[in-house]
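Working notes, structure below.
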Amino acid sequence: MTESQNVRVRFAPSPTGPMHIGGLRTAIFNWLFARHHKGAFILRIEDTDQSRYKPEAEDLIYRALDWVGMDVDESPRDGGDYGPYRQSERLERYQQWATWLVENDKAYYDYTTSEELEQINEAKKKRGEPPGYDRRHRDITTEERAKLKAEGRPEVIRFKMPLTGNTEVEDMLRGKIDFDNSTLGDTVLLKSDGFPTYHLANVVDDHFMEISHILRANEWIASAPLHKQVYAAFGWQMPQIMHLPVLLNPNGKGKMSKRELQDDKGNVIPVLVHRYEELGYLPNAMMNFLTNIGWTFGEDQEVFSVEEAIERFDGTRVNPANSAFPIDKLRWFNGIYMREKTSVEELIEQFKPLLEKEGLPVDDEKLRIIVPAIQTRIETLNEFLDIAGFVFREDFEPAAAEEHIQKKMDAESTRRALQLAYDALQDMEFNAEAMEEPMRQLAKDNGLKVGQLFGTLRVATSAQKIAPPLFDTFVALGKDETLRRIEQSIAIMGAELPENAENQP
């Protein structure tokens with residue numbers, strides 16, 4: 001492409017269900033390409049399949065794009081000078097141009113019924129021929145056409161594909177691709193209900209929206225010669241085209257499923273974008289992760305900012321080969337972004353909705369203490385509640401007695417350790433650094449290992465074996481609540497002691 005060319009690309013999903021992760025990756029490649037060339041990114045809603053249309057699916061498309069931070073220049077929501085951007089609102093234009101093709105002998109009316117199509121395919125199957133329409137109404141007379149129409153048969157418009165020769169398509173990734181016209185059928189452009197098929201609508205829309213480049217999945221390679229011939233029939237210039245590699249299932253076998261998968265260990269692998277948002281993945285980690293699948297930043301660098309990707313994304317580093325979806329790598333990416341690419345304040349704002357959803361109080365002071373303490377210990381946002389939710393619970397339930405007991409300890413020694421800590425903490429400054437060394441010395445002076453004392457205190461204050469650093473937990477809970485929880489555990493352990501147990505530590 002030339003530098004002076006005005007780049008306009010489009011992402012054109014069908015609102016038939018939630019946004020698939022593969023669709024988001026296609027959108028990202030289009031958006032990065034547009035931003036690299038300082039062009040426009042257009043969202044066009046292809047809703048001509050009315051039988052499968054779901055209004056809520058359009059909202060999920062916007063939600064996915066907004067989530068990863070892709071701004072849209074033109075869309076049904078954002079407006080623009082080339083609308084409408086919903087295909088169902090452009091029917092008159094498709095019908096007009098389909099009729100133009102018929103009038104100019106580039107297409108024809110076909111009256112074949114669905115039953116007759118089945119018969120055609122059955123007969124071809126018996127002859128060992130590939131299925132497909134047999135062009136029976138391509139060259140009939142005006143009188144024959146009038147008779148078929150009078151019978152009330154369904155009327156569609158089919159494109160007149162050249163019967164001989166080749167159609168050559170230039171792909172930005174693959175170079176020239178040659179197609180034998182004799183192997184290509186006469187495809188329906190306008191259905192009997194007046195709605196266009198994809199093959200007509202996308203050509204008409206891309207022309208009138210002045211799309212300069214089409215970046216779409218390589219599943220459409222087989223349709224490329226038809227689209228080129230339709231452009232030629234209209235006398236229009238076809239946009240430059242790049243057929244992107246598709247995502248394969250994590251095991252590398254087959255195109256990425258439309259439904260949730262399971263790995264070899266039985267873990268669920270989501271395929272819908274909103275599920276990753278719900279599971280606590282960061283949008284910038286998802287953007288980085290998906291950009292890496294099928295495109296190479298270079299210099300063996302996998303972690304990069306959106307700005308860095310925009311600077312390099314000219315399309316030349318796209319790998320035409322399909323790629324497996326490396327779900328384990330996503331968790332790795334998310335961990336890096338949690339630890340290194342997201343500030344404490346940003347994480348706090350991400351965690352607040354989780355607390356609200358769980359019905360827990362949002363305490364900014366506790367968040368500022370506990371978030372830095374756990375930032376390096378979690379890989380997804382949702383793990384925040386698993387590891388630190390206890391800090392915010394006003395209805396805290398202590399763990400059972402046996403869970404307090406550490407290795408090589410029993411109920412009596414556990415109760416004594418808790419009592420020792422309780423007494424020592426009474427007069428101690430509640431500062432993480434100020435508490436740690438005296439508590440280590442307390443363990444040593446009383447014949448305990450540090451792990452034993454700290455372990456039982458962790459269970460006493462969190463009811464968990466895995467929790468944030470102990471003394472950050474104490475500070476976040478505050479002195480009164482920390483002592484109250486330890487006191488609860490002392491009572492629980494005391495109830496486990498025999499009546500004649502020695503009570504002095």
Side-chain angles (χ1 to χ4, degrees), residues 14 16 46 48-52 87 94-95 97-142 144-145 147-149 151-169 171 174 176-204 206 214 216-234 238 241 243 246 254-255 258:
S14 297
T16 56
E46 299 198 343
T48 55
D49 188 348
Q50 292 292 292
S51 64
R52 299 174 60 214
Q87 286 188 335
Y94 306 133
Q95 294 163 0
W97 286 101
T99 302
W100 186 93
L101 288 171
V102 173
E103 292 172 347
N104 287 272
D105 199 30
K106 307 293 185 181
Y108 59 96
Y109 292 108
D110 172 46
Y111 300 92
T112 309
T113 66
S114 57
E115 292 79 12
E116 287 172 335
L117 284 172
E118 289 181 11
Q119 293 170 4
I120 292 169
N121 286 328
E122 189 61 33
K124 284 192 168 187
K125 183 179 179 181
K126 290 179 180 178
R127 297 195 299 269
E129 299 174 4
Y133 174 64
D134 61 3
R135 296 188 169 102
R136 59 179 57 188
H137 295 156
R138 176 167 168 147
D139 297 310
I140 59 176
T141 64
T142 303
E144 289 172 321
R145 182 168 291 112
K147 180 182 177 186
L148 290 168
K149 186 177 180 67
E151 293 176 4
R153 287 169 168 256
E155 180 183 80
V156 303
I157 293 179
R158 287 183 181 272
F159 183 69
K160 277 191 172 182
M161 196 70 186
L163 301 177
T164 60
N166 297 321
T167 299
E168 186 178 86
V169 176
D171 185 283
R174 298 164 176 79
K176 290 180 172 59
I177 309 175
D178 204 47
F179 299 86
D180 183 347
N181 291 338
S182 67
T183 65
L184 305 173
D186 290 356
T187 303
V188 174
L189 298 182
L190 195 72
K191 296 178 285 187
S192 59
D193 61 3
F195 277 77
T197 63
Y198 170 83
H199 307 293
L200 174 65
N202 94 89
V203 170
V204 171
D206 286 345
I214 299 170
R216 64 185 183 187
N218 61 25
E219 301 162 296
W220 293 104
I221 288 177
S223 299
L226 166 63
H227 298 164
K228 181 165 184 180
Q229 288 292 344
V230 173
Y231 273 103
F234 282 130
M238 185 176 181
I241 194 162
H243 288 100
V246 299
K255 182 189 170 187
K258 297 288 186 182

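Because the structure is a prediction, the values reported are computed rather than measured.
To the nearest 0.5 Å, atoms CZ (Phe159) and CG (Leu200) are separated by 10.5 Å. If you take CZ on Arg158 and OG1 on Thr197, they are separated by 10.0 Å, rounding to the nearest 0.5 Å. The distance from the CD1 atom of Ile241 to the CZ atom of Arg216 is 3.5 Å, given to the nearest 0.5 Å. Note that the CD atom of Glu219 and the NZ atom of Lys255 stand 3.5 Å from one another [nearest 0.5 Å]. Separating the CG atom in Leu190 from the OH atom in Tyr109 is a distance of 8.5 Å, to the nearest 0.5 Å. With rounding to the nearest 0.5 Å, the separation of CZ in Phe179 from CG in Leu226 is 10.5 Å.
Side chain of Arg153 to main chain of Tyr111: a donor-acceptor pair is present (N/O by atom type, distance under 3.5 Å, no hydrogens or angles). Of the possible donor and acceptor atoms, none in the side chain of Asp110 sits under 3.5 Å from a partner among the backbone N and O of Glu155. The main-chain N or O of Lys106 is never found under 3.5 Å from a side-chain atom of Asn104 such that the two would form a donor-acceptor pair. Within the 3.5 Å criterion, the main-chain N or O of Lys160 finds no donor-acceptor partner in the side chain of Asp186. Under the 3.5 Å distance criterion, the side-chain polar atoms of Asp171 are matched with a main-chain donor or acceptor of His243. Of the possible donor and acceptor atoms, none in the side chain of Lys176 sits under 3.5 Å from a partner among the backbone N and O of Glu168.
Between Trp220 and His199, the angle of the ring planes goes over 60°, which puts this pair in the perpendicular group of the 30/60° scheme.
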Worksheet item: Stepwise, does the side-chain contact (heavy atoms from CB on, under 4.5 Å) test hold for Gln87 with Tyr94?
Response: CA-CA 9 Å; Gln87 286 188 335; Tyr94 306 133; 3.2 Å; yes
Discussion item. Checking Tyr133 against Thr187 for the side-chain contact (heavy atoms from CB on, under 4.5 Å) test, could you report, in this order, the C-alpha distance in whole Å, the side-chain angles of both residues, the deciding distance, and whether it holds?
Written reply: CA-CA 9 Å; Tyr133 174 64; Thr187 303; over 6 Å; no
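For Ser192 against Val156, the heavy-atom pair with the smallest separation is N-CG1, 3.6 Å. Here the closest non-hydrogen pair linking Thr141 and Glu144 is N-OE1, 2.8 Å. For Ala98 against Ile157, the heavy-atom pair with the smallest separation is CB-CD1, 3.8 Å. Between Glu46 and Asn202 the shortest heavy-atom distance is OE2-CB, 4.3 Å. A pairwise comparison of heavy atoms in Ile120 and Gly132 identifies CG2-O, 3.5 Å as the closest pair. Of all heavy-atom pairs spanning Val246 and Asn218, the tightest one is CG1-OD1, 3.4 Å.
More than 12 heavy atoms of other residues, nucleotides or ligands lie within 6.0 Å of CZ in Arg136, so this atom counts as buried by the packing criterion.
A heavy-atom distance below 4.5 Å is found between the side chains of Asp206 and Ile214. Contact of the Gln229 side chain with the Pro162 side chain is registered, since non-hydrogen atoms from C-beta on lie closer than 4.5 Å. Put simply, the side chain of Val204 does not reach to within 4.5 Å of the side chain of Pro196, judged on heavy atoms. Side-chain contact between Thr167 and Met161 is present, with at least one heavy-atom pair separated by less than 4.5 Å.
Close placement of the His227 and Tyr198 rings is indicated, their centers lying within 6.0 Å of each other.
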